[in-house]
Amino acid sequence: MGMSRLYDEIYAVVRRIPPGMVATYGQIGMSLAPPCPARTVGWALAAVGRIDPRPPVPWQRVVNAQGKVSTGEHQRQLLEAEGIEFDTAGRIDLERFGWAGHE
DNA sequence: ATCCTGACCAGTG
DNA sequence: GCACTGGCCAGGA
């Protein structure tokens with residue numbers, strides 16, 4: 001209830017992604033009511049580095065619809081440390097590591 | 001109020 | 001596979 005800023009709602013969803021799993025920008029956006037575009041989710045996560053929300057937001061667990069990371073090697077290393085695997089093209093198998101949006 | 005800045009995605013050639 | 005296009009939001013200064 002007091003949380004009305006859209007970015008905060010996006011962060012709340014991202015916090016629910018379990019370690020070792022990933023969700024896509026579009027998936028996060030579609031899980032909100034009303035839905036917001038994938039781009040907006042990207043913008044919200046880009047702001048994490050500047051505003052540093054508490055509790056922490058596991059931003060590394062959000063990847064694009066191709067199963068690729070958007071922010072480079074650091075994000076990849078964080079995900080590999082959680083047990084997520086990348087193929088030779090640098091893609092994550094979303095069938096295997098994708099979060100369904102519920103437990 | 002205006003201006004700037006950003007980590008997307010599906011469709012197309 | 002890659003490059004390009006259109007869509008058109010929220011927040012901070």
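Naming: A, B, ... by sequence-line order, numbering from 1 per chain.
C:dG7 and B:dG6 have their P atoms separated by 23 Å, with the value rounded to a whole Å.
Taking atom CD of residue A:E73 and atom P of nucleotide B:dA7, one finds them 17 Å apart after rounding to whole Å. What separates CD of A:E9 from C1' of C:dC9 is a distance of 14 Å, to the nearest Å. A:L6 places its CG atom 15 Å from the C1' atom of C:dG12, with the value rounded to the nearest Å. Between A:D8 atom CG and C:dG12 atom P the separation is 10 Å, expressed in whole Å. Regarding A:R91, its CZ atom lies at a distance of 10 Å from the C1' atom of C:dG1, rounded to whole Å. Across the protein-nucleic acid pair, A:Q66 atom CD and B:dC8 atom P stand 11 Å apart, rounded to whole Å. In this structure, CH2 of A:W59 is placed 16 Å from P of B:dG6, rounded to the nearest angstrom.
A:Q75 contributes no side-chain N or O that, together with a main-chain N or O of A:R61, makes up a donor-acceptor pair within less than 3.5 Å.
Listed by residue number, A:R39, A:T40, A:W43 are the residues of residues 16-51 of chain A with a heavy-atom contact under 4.0 Å to DNA chain C.
Between the CZ atom in A:R5 and the OH atom in A:Y11 there is a gap of 7.5 Å [rounded to 0.5 Å].
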For residues 42-53 of chain A, which side-chain N or O atoms pair as donor and acceptor with protein atoms under 3.5 Å away, sequence neighbours left out?
{"unit_1": "A:D52", "atom_1": "OD2", "unit_2": "A:R54", "atom_2": "NE", "d": "3.3"}
{"unit_1": "A:D52", "atom_1": "OD2", "unit_2": "A:R54", "atom_2": "NH2", "d": "2.5"}

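Checked against A:Q60 for a side chain to side chain donor-acceptor pair (under 3.5 Å), the options A:Q77, A:R76, A:E82 give a single hit: A:E82.
Among residues at least two apart or in separate chains, side-chain hydrogen bond (donor to acceptor under 3.5 Å, both in side chains) pairs with a member in residues 83-94 of chain A are A:E85-A:R96, A:D87-A:R91.
Relative to the ring axis of A:Y25, A:R39 does not place its NZ or CZ within 45° and under 6.0 Å from the centre.
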